[in-house]
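To start, the structure itself, in structure tokens.
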Amino acid sequence: MDKKIGALIKELRTRKHKTLEKLAYESNFSKGGLSEVERGLREIKLSTLEKICNTLEIKLSDFF
């Protein structure tokens with residue numbers, strides 16, 4: 001599992017002052033699933049990552 005992706009999602013989420021619950025809701029992803037991604041326990045699909053990036057108002061290419 002890639003913990004760097006999860007850690008970066010968490011960092012960006014907190015910078016944008018979004019709770020885990022709010023980001024999950026806005027990106028149509030489960031709160032538990034997002035928590036597992038942030039902790040590096042679950043892999044994330046590229047399509048879901050793209051939704052999260054859109055919600056955080058960043059480009060997917062900027063994520064990397």
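- We find the CD-CD1 distance between E38 and I5 to be 12.5 Å, quoted to the nearest 0.5 Å.
- Proximity of a side-chain donor or acceptor of R39 to a complementary backbone N or O of S35 within less than 3.5 Å is detected.
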For a quick test of your reading: what N or O donor-acceptor pairs under 3.5 Å do the side chains of residues 47-64 make, sequence neighbours left out?
residue: N54; atom: ND2; partner: E50; partner atom: O; Å: 3.4
residue: T55; atom: OG1; partner: K51; partner atom: O; Å: 2.9

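- By the salt bridge (charged side-chain N to carboxylate O under 4.0 Å, His left out) test, E36 is found to be paired with R42, residues two or more places apart in sequence or in another chain being considered.
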With a cut-off of 3.5 Å and sequence neighbours excluded, list every side-chain donor-acceptor pair involving residues 18-25.
residue: K18; atom: NZ; partner: E26; partner atom: OE1; Å: 2.7
residue: T19; atom: OG1; partner: K22; partner atom: N; Å: 2.9

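- The two residues F29 and L34 come nearest to each other via the heavy atoms CE2-N, 3.2 Å.
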